[in-house]
Amino acid sequence: MSEARLEVERIRADFPILSRTVGDRPMVYLDSAATSQKPRQVIDAERDFYELHNANVHRGIYTLSEEATELYEDARAKLAAFVGAPDPATIVFTRGTTESLNLVAHGWGRRFLHEGDEVLITEMEHHSNIVPWQLCAAATGAKLRYLPLTDDGLLDLSDLGSLLTERTKILSVTGMSNALGTLTPLGQLVEAAHAVGAVVCIDGAQLVPHHPVDVTELDVDLLAFSGHKMLGPTASGGLYGKRELLEAMDPFLGGGEMILEVHHQTATWKEVPYKFEAGTMNIAQEIGLAAAVDYLSDLGMDAVRAYEEELTRYAIDRLLDAGARIIGPKDVSVRGGEISFWYRDVHPHDLATILNEEGVAIRAGHHCAQLVMRRFGVPATARASLYVYNTKEEVDRLIEALGRAQDLFA
Ligand SMILES: Cc1ncc(COP(=O)(O)O)c(C=O)c1O
């Protein structure tokens, strides 16, 4: 038994849900790309908040409200440190990546884009990094352009020079594809985008949970992320933005708490990040997310990535041996543990149903990435996605369950 394995057994003990069964089999959860499971530390942090400190933030001058505000602002500082942001004020709390990207497309896009401008995204984006830009393009007259994919599921940068030009005002790309597992060469793209004066926005929904991220080192302008995919509660997450950019952007939602003064026809906004946090926020969830950040920081994100790389390599090798077709890169140095595949000719939905009978939870569908499905000529894929609590034995259970699917469809 390796050191890494011993560590994982300790990790698994922190996740109450991992000890449950489905049918009469121990559950194997391979859908962390959709949402991760939560350790006891996160569940406890959220419960403690409600049991001991619950009050609205930034409002009361009584003890509970002060405590709630302190916990909420501590969470912001922890998130800032986790992604390498220079200042907690550069972290805006949101419900997650979808809301953050809509905030950018609205608050930055509608403010700064005009007819003739271009927004460059990629064909491997999640719909949440496509549709907000389509809405924004329709409202501003800007044009949406796409970086294509190679047959191996990597970004095809051979035509980068003609796609990324001085007309490009923003490059908005995923850091890691949820449908292919592909890691984006961020360093190269950030440099190329900045060279033409474009703003860079990263969809970090899959990257931030699985990979060390330092926004200062990467010099990205905006980074969206979801707490629920990184061991935190649902409806937690945020947007990092360079301060001057956040200051220049329009608010996204209007209402209580984000204003300085309201007059009959006009209003003025609070400073960042508060001008983006209208109404009562997801207080308990962000405090829970801070516990998730502590948990991941204790593991160390380099160790998280190294462990997942090893497990992904094992899973891809075993899937290929079993006759599966991997859709996405096979080289684990350029990908993460979101593994899309077809097994024989079994439709992914049938496959997921059979696997569920064996206690194995995978996802089947287009994974909110219909452009990827079209690019690879499939209506859907089966997707097994891995995280720090998964083991090689669980991958073996997946392969075993595939054998049963083959028997049924033979
Ligand atoms: C790459 C990517 N971007 C964006 C999202 C949307 O995240 P959320 O549903 O947390 O807003 C997801 C969710 O699966 C994703 O994988």
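Each ligand, and each atom within it, is numbered from 1 in the order the structure gives. The structure displayed is predicted, hence computed values, not measured ones. The analysis underlying the following values was restricted to heavy atoms, covering all of them including side chains, and did not include hydrogens, waters or symmetry mates.
- Ligand-side atoms of ligand 1 in range of His228: 8 (P), 10 (O), range being under 4.0 angstrom from any heavy atom.
- The neighbour count for Arg375 CZ, taken as heavy atoms of other residues, nucleotides or ligands under 6.0 Å away, is above 12.
- Residue-ligand proximity: Glu99 is placed with every non-hydrogen atom at 4.0 Å or more from ligand 1.
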If you look only at distance, which donor and acceptor atoms sit under 3.5 Å apart when one is on a side chain in residues 36-45 and the other is two or more places apart or in another chain?
unit_1: Ser36; atom_1: OG; unit_2: His228; atom_2: O; d: 2.9
unit_1: Ser36; atom_1: OG; unit_2: Leu231; atom_2: N; d: 2.8
unit_1: Lys38; atom_1: NZ; unit_2: Thr35; atom_2: OG1; d: 3.4
unit_1: Lys38; atom_1: NZ; unit_2: Ser36; atom_2: O; d: 2.7
unit_1: Lys38; atom_1: NZ; unit_2: His228; atom_2: O; d: 2.9
unit_1: Lys38; atom_1: NZ; unit_2: Gly232; atom_2: O; d: 2.9
unit_1: Asp44; atom_1: OD1; unit_2: Arg47; atom_2: NH2; d: 3.3

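- Every pair passing salt bridge (Lys or Arg N to Asp or Glu O under 4.0 Å) that includes a residue from residues 235-256 is listed here, sequence neighbours excluded: Asp87-Arg243, Arg111-Asp250, Asp219-Lys242, Asp221-Lys242, Arg243-Glu247.
- Of all the atoms in ligand 1, the ones that sit under 4.0 Å from a non-hydrogen atom of Ser128 are 3 (N), 4 (C), 5 (C), 6 (C).
- More than 12 heavy-atom neighbours from other residues, nucleotides or ligands sit within 6.0 angstrom of CZ on Arg76.
- Closest to atom 15 (C) of ligand 1, if we only count protein heavy atoms, is His126 CD2, 3.3 Å.
- Ring-plane geometry between Trp108 and Phe112 is classed as tilted, the angle between the planes lying from 30 to 60 degrees on a 0 to 90 degree scale.
- Distance NZ/Lys229 to OG1/Thr97: 7.0 Å, rounded to 0.5 Å.
- At distances below 3.5 Å, not a single donor-acceptor pair connects side-chain atoms of Asp317 with backbone N or O atoms of Tyr314.
- Proximity to Thr98 (heavy-atom distance under 4.0 Å) selects the following atoms of ligand 1: 6 (C), 7 (O), 8 (P), 9 (O), 11 (O).
- Listed by number with element, the atoms of ligand 1 under 4.0 Å from a non-hydrogen atom of Ser226 are 7 (O), 8 (P), 10 (O), 11 (O).
- Annotation for ligand 1: atoms under 4.0 Å from non-hydrogen atoms of Thr174 are 1 (C).
- For atom 14 (O) of ligand 1, the nearest non-hydrogen atom of the protein is Lys229 NZ, 2.6 Å.
- Nearest protein heavy-atom neighbour of atom 16 (O) of ligand 1: Gln206 NE2, 2.7 Å.
- For atom 1 (C) of ligand 1, the nearest protein heavy atom (residue, atom name, distance) is Asp203 OD2, 3.5 Å.
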